[in-house]
Engineer: 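I'd like to ask some things about the structure below.
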Amino acid sequence: MDSCAPAPAKPGDFIRDIIDDDLAAGRHQKVITRFPPEPNGFLHIGHAKSICLNFGLALDYRQRLPGSGTRCHLRFDDTDPAKEDTLFEEAIQEDVRWLGFEWDGLYHASDYFQKMYECAEHLIAQDKAYVCSLSDAEIKAYRGNVTTPGKPCQFRQRSHDENMDLFRRMKAGEFKDGEHVLRAKIDMSNPNMKMRDPLLYRIRHTAHHMTGNTWCIYPMYDFAHPISDAIEGITHSICTLEFENNRELYDWVVDNLIDYARFPSRPRQFEFARLNLNYTVMSKRRLLELVEGNHVSGWDDPRLPTIAGLRRRGYTPESIRAFCAGVGVAKANSTVDMAQLEFCIRDDLNQKAPRVLGVLKPLKVVIENFPDSRTEELDASYWPHDVPKEGTRKVPFCREIYIEQDDFMLEPPKDYFRLAPGREVRLRYAYCITCTDVIKDGSGNVIEVRCTYDPDVKPGDNPVGRKVKGTIHWVSARHAVDAEVRLYDRLLSEEMPPAGKDSEFLKAINPHALQVLLGCKLERSLETASPGERYQFERQGYFVVDPKDSKPSALVFNRIVTLKDSWARAQKK
RNA sequence: UGGGGCGUCGCCAAGUGGUAAGGCACCUGGUUUUGGUCCAGGCAUUCCGAGGUUCGAAUCCUUGCGCCCCAGCCA
């Protein structure tokens with residue numbers, strides 16, 4: 001803020017309202033949040049919403065409460081050794097940083113395994129937990145269902161001593177996976193199914209990527225999460241709506257341990273609606289299926305809504321943050337329109353991406369009255385009049401050029417103002433040309449267009465006495481740089497993937513989500529474009545030099561997003 | 001069916017008893033050497049429905065309806 005004008009009424013959201021209230025009531029003097037991914041997959045744009053919320057909260061309140069210790073942790077929720085991996089942890093850290101956030105402390109739930117174990121023994125000592133030796137099928141049966149209360153099993157009566165002995169032997173590795181579990185002793189007939197003596201620990205003879213073989217019993221999420229939060233002094237533990245039922249258990253765990261464990265805070269859980277986007281999939285299961293089933297090239301495939309995918313697609317962190325801010329934080333389940341995300345990247349790149357000329361589907365044009373021996377070097381601005389930036393390059397103009405196939409029509413409709421037999425168009429930054437003839441192949445396809453140019457109208461000038469409505473892009477045939485261009489579009493061709501539990505959604509994959517174009521003709525200046533650089537190919541869209549596959553000798557561009565195209569939209573009607 | 005949540009424009013979303021913000025999308029028109037950008041205008045007499053309280057209700061009460069979540073030794 002460099003203005004002394006009163007800050008505009010901040011949008012705010014219900015979480016900030018709660019925090020403001022907590023601060024005003026003196027319940028907290030600082031705010032500590034955390035972003036707690038499980039390292040078993042890549043982050044996607046839904047996580048970005050949570051990241052922006054949690055880290056954003058820390059940033060905002062640190063400003064308001066300087067020196068208070070307000071912060072946001074990154075914590076890996078690594079309580080299930082079978083699914084988690086260091087590989088994912090590295091990718092997650094890279095993604096969080098790329099989005100523009102830095103954590104105040106990196107933690108693992110596994111850092112607290114010893115403490116959690118002690119808490120479990122404490123609960124046993126307090127008769128608040130017991131070792132249950134039912135099979136998983138029996139546990140399920142005893143739990144009842146949403147309309148039928150569960151019922152206690154015989155093991156619920158075990159003595160403290162027996163429970164303690166069994167639990168210690170579980171830890172010592174005396175039992176096989178599944179033989180016993182530790183459960184909270186709460187209420188088997190509680191209307192909230194999460195409270196029907198939930199499992200706290202299970203036996204897993206599996207090496208953990210952080211703790212190795214130190215443990216063969218691992219805490220469940222509902223036990224590990226509140227304890228981790230409380231140990232770290234988290235004040236506001238923000239999660240998604242599906243955990244609303246778990247909040248009662250979260251509170252039970254904290255309340256039953258807070259005096260014993262002397263937690264530095266009494267954290268509270270708050271739930272907000274996770275992000276859903278149409279024309280794509282966001283669930284871990286579906287993303288995993290796409291990757292492992294080789295339906296995409298990997299976690300960073302530009303068709304995916306993963307952070308890595310969006311990054312490779314050419315999205316900017318700023319655009320993703322703007323998107324998250326625009327979407328807001330609330331409690332109603334919702335599905336945001338992909339058009340909103342596309343708007344954000346166009347809006348950002350409009351100011352950031354230099355304009356260049358590139359012909360994707362080339363059609364040769366010969367300008368008959370332009371000498372073959374001549375080359376003109378024309379000035380072309382990198383920026384349109386409305387972007388306040390300086391910079392130009394020279395583009396060579398010759399007798400033979402390429403234009404876009406879509407910019408020529410044999411029998412154009414009246415409102416088509418590009419090139420057609422007898423029609424005149426302006427070549428961007430160059431001359432006006434008139435089509436005098438076309439050359440077709442054996443099957444009647446136009447393979448070359450013959451034109452003449454008006455030497456009296458200098459590049460940059462307007463012809464006198466007539467108006468030339470259309471301007472098209474072009475590239476000098478002799479100077480063009482060949483490139484591969486990957487045209488990306490929405491992952492799915494349907495707004496919502498079929499609901500099926502299985503792989504139904506695969507049928508909704510948009511076959512045109514990736515179209516590879518070879519032999520595209522780009523202007524000479526792009527020869528030295530380097531990986532990660534973004535450009536606007538005028539009249540077509542925003543493109544990025546693929547960070548992985550592009551080589552100086554074999555350029556590869558990814559289409560980030562098309563430009564809005566009111567002509568194409570009008571055509572559909 | 002028990003419990004927990006949620007229902008404001010096509011999609012998000014403010015609003016917390018004083019007479020429906022904003023963004024996206026869409027539609028009009030203008031500017032334009034990008035059919036881009038930008039600019040101007042339009043876009044909910046009504047807030048899931050029905051009653052009620054009140055001078056006044058999206059906001060309070062009652063009662064329906066709809067949708068989501070919970071029956072993993074996943075998170």
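Values in this document were obtained by computation on a predicted structure and should not be read as measured data. First the proteins, then the strands, lettered A, B, ... as listed; each starts at 1.
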Engineer: Verify the contact: side-chain N or O of A:Lys284 to OP1 or OP2 of B:A75, cut-off strictly under 4.0 Å; return yes or no.
Structural biologist: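 False: A:Lys284 side-chain N/O out of range (4.0 Å or more) of B:A75 OP1/OP2.
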Engineer: Looking for any heavy atom pair under 4.0 Å, which part of the strands does A:Gly144 touch: base, sugar-phosphate only, or nothing?
Structural biologist: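 It contacts sugar-phosphate atoms only.
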Engineer: What is the nucleic acid contact for A:Pro459, judged by heavy atoms within less than 4.0 Å: base, sugar-phosphate only, or nothing?
Structural biologist: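 Here A:Pro459 touches the bases of the nucleic acid.
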Engineer: Using the C1' atom in both, what is the distance from B:G18 to B:C12, to the nearest Å?
Structural biologist: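 Roughly 27 Å separates the two C1' atoms.
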Engineer: Applying a 4.0 Å non-hydrogen cut-off, can you work out what A:Lys331 is touching in the nucleic acid: base, sugar-phosphate, or nothing?
Structural biologist: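 Answer is sugar-phosphate: A:Lys331 comes under 4.0 Å of backbone atoms only.
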Engineer: When rounded to the nearest Å, what value does the distance between C1' atoms of B:C11 and B:C69 take?
Structural biologist: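 Straight-line distance between the two C1' atoms is 23 Å.
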Engineer: Sequence neighbours left out, what passes salt bridge (Lys or Arg N to Asp or Glu O under 4.0 Å) with A:Lys83? Give chain and number order.
Structural biologist: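 Applying salt bridge (Lys or Arg N to Asp or Glu O under 4.0 Å) to A:Lys83 gives A:Asp80.
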Engineer: Under 4.0 Å from OP1 or OP2 of B:C11: is there any side-chain N or O of A:Ser334 that close?
Structural biologist: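 No.
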Engineer: Please work out if A:Gly328 contacts a base, only the sugar-phosphate, or nothing of the nucleic acid, heavy-atom cut-off 4.0 Å.
Structural biologist: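 It contacts nothing in the nucleic acid.
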Engineer: Measure the distance from CZ on A:Phe243 to C1' on B:C70 and round it to the nearest whole Å.
Structural biologist: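 So the two atoms are 12 Å apart, to the nearest Å.
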Engineer: If each of A:Asn192 and A:Glu179 is mapped to the nucleotide of RNA chain B with the nearest heavy atom, which maps nearer the 5' terminus, i.e. the 5' end?
Structural biologist: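 Checking each residue's closest nucleotide, the 5'-ward one belongs to A:Asn192.
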Engineer: Which part of the nucleic acid does A:Asp337 contact within heavy-atom distance under 4.0 Å: base, sugar-phosphate only, or nothing?
Structural biologist: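 Result for A:Asp337 = sugar-phosphate.
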Engineer: May I ask which nucleotide in the shown strands pairs with B:C26, Watson-Crick or G-U wobble, both distances under 3.5 Å?
Structural biologist: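 Matched B:C26 with B:G42 under the 3.5 Å cut-off.
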Engineer: Under 4.0 Å, counting only non-hydrogen atoms across every strand here, what does A:Val329 touch: a base, just sugar-phosphate, or nothing?
Structural biologist: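 Here A:Val329 touches the backbone only, sparing every base.
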Engineer: Can you check whether A:Thr148 has a side-chain N or O nearer than 4.0 Å to OP1 or OP2 of B:U1?
Structural biologist: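 Checking B:U1 against A:Thr148, no side-chain N or O comes under 4.0 Å of OP1 or OP2.
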Engineer: Per the atom types in the model, does the base of B:G5 pair as donor or acceptor with the side chain of A:Asn245 at under 3.5 Å?
Structural biologist: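 No, the side chain and the base share no sub-3.5 Å donor-acceptor pair.
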Engineer: Which part of the nucleic acid, if any, lies within reach of A:Asn246 when heavy atoms closer than 4.0 Å are counted: base, sugar-phosphate only, or nothing?
Structural biologist: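 Base: the residue A:Asn246, judged by heavy atoms under 4.0 Å, touches a nucleobase.
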Engineer: For nucleotides B:C47 and B:C9, find the distance between their C1' atoms and express it as a whole number of Å.
Structural biologist: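 Result for the C1' pair: 10 Å, nearest Å.
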Engineer: Ignoring backbone atoms, establish whether A:Arg247 has a side-chain N or O less than 4.0 Å from OP1 or OP2 of B:G5.
Structural biologist: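 Looking at the OP1 and OP2 atoms of B:G5, one of them is under 4.0 Å from a side-chain N or O of A:Arg247.
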Engineer: Tell me what A:Ile139 touches on the nucleic acid: a base, only sugar-phosphate, or nothing, going by heavy atoms under 4.0 Å.
Structural biologist: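 If one applies the 4.0 Å heavy-atom cut-off, A:Ile139 turns out to touch a base.
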Engineer: Phosphate oxygens OP1/OP2 of B:C27: is one of them under 4.0 Å from a side-chain N or O of A:Arg569?
Structural biologist: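 Yes, within the criterion.
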Engineer: Just checking A:Arg143: base, sugar-phosphate only, or nothing, at a heavy-atom cut-off of under 4.0 Å?
Structural biologist: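 Sugar-phosphate: the residue A:Arg143, judged by heavy atoms under 4.0 Å, touches backbone atoms but no base.
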Engineer: Report the distance from atom CG of A:Leu288 to atom P of B:A75, rounded to the nearest whole Å.
Structural biologist: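 That distance rounds to 16 Å.
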Engineer: Can you tell me the distance, in whole Å, between the CZ atom of A:Phe76 and the P atom of B:C74?
Structural biologist: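 One finds 21 Å between P of B:C74 and CZ of A:Phe76, rounded.
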Engineer: Which part of the nucleic acid does A:Leu378 contact within heavy-atom distance under 4.0 Å: base, sugar-phosphate only, or nothing?
Structural biologist: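 Counting heavy atoms under 4.0 Å across all strands, no contact is made by A:Leu378.
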Engineer: To the nearest Å, how far apart are A:Leu287 CG and B:A75 P?
Structural biologist: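 To the nearest whole Å, that distance equals 19 Å.
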Engineer: So what does A:Met220 hit on the nucleic acid, given a heavy-atom distance under 4.0 Å: a base, only sugar-phosphate, or nothing?
Structural biologist: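 It contacts sugar-phosphate atoms only.
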Engineer: Between B:U46 and B:A20, how many Å separate the two C1' atoms, rounded to a whole number?
Structural biologist: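 Their C1' atoms lie roughly 7 Å apart.
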Engineer: Looking at A:Arg490 and A:Glu342, does any basic side-chain N land under 4.0 Å from a carboxylate oxygen?
Structural biologist: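 Result for this pair is yes, salt bridge flagged.
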Engineer: By the 4.0 Å heavy-atom rule, please label A:Tyr201 as base, sugar-phosphate, or nothing.
Structural biologist: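 If one applies the 4.0 Å heavy-atom cut-off, A:Tyr201 turns out to touch nothing in the nucleic acid.
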Engineer: Does the protein touch nucleotides 34-42 of chain B at the base, only the backbone, or not at all? Give it as B, S and - per nucleotide, heavy atoms under 4.0 Å.
Structural biologist: BBBB-----
Engineer: Pairs under 3.5 angstrom, nitrogen or oxygen only, protein versus nucleotides 64-66 of chain B, please.
Structural biologist:
none

Engineer: Taking any heavy-atom pair under 4.0 Å as a contact, classify A:Asp461: base, sugar-phosphate, or nothing.
Structural biologist: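 Contact class for A:Asp461: base.
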Engineer: For B:G41 versus B:U8, give the span between their C1' atoms, rounded off to a whole number of Å.
Structural biologist: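 Per the computed distance, 24 Å lies between those C1' atoms.
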Engineer: Under a 3.5 Å cut-off for both contacts, is B:C67 paired Watson-Crick or G-U wobble with anything, and if yes, with which nucleotide?
Structural biologist: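 Its partner is B:G5.
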Engineer: Closest nucleotide of RNA chain B for A:Val327 versus for A:Gln340: which of these residues is on the 5' side?
Structural biologist: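 Looking at the nearest nucleotide for each, A:Val327 comes out on the 5' side.
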Engineer: Base, sugar-phosphate, or nothing for A:Thr335, non-hydrogen atoms under 4.0 angstrom?
Structural biologist: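 Result for A:Thr335 = sugar-phosphate.
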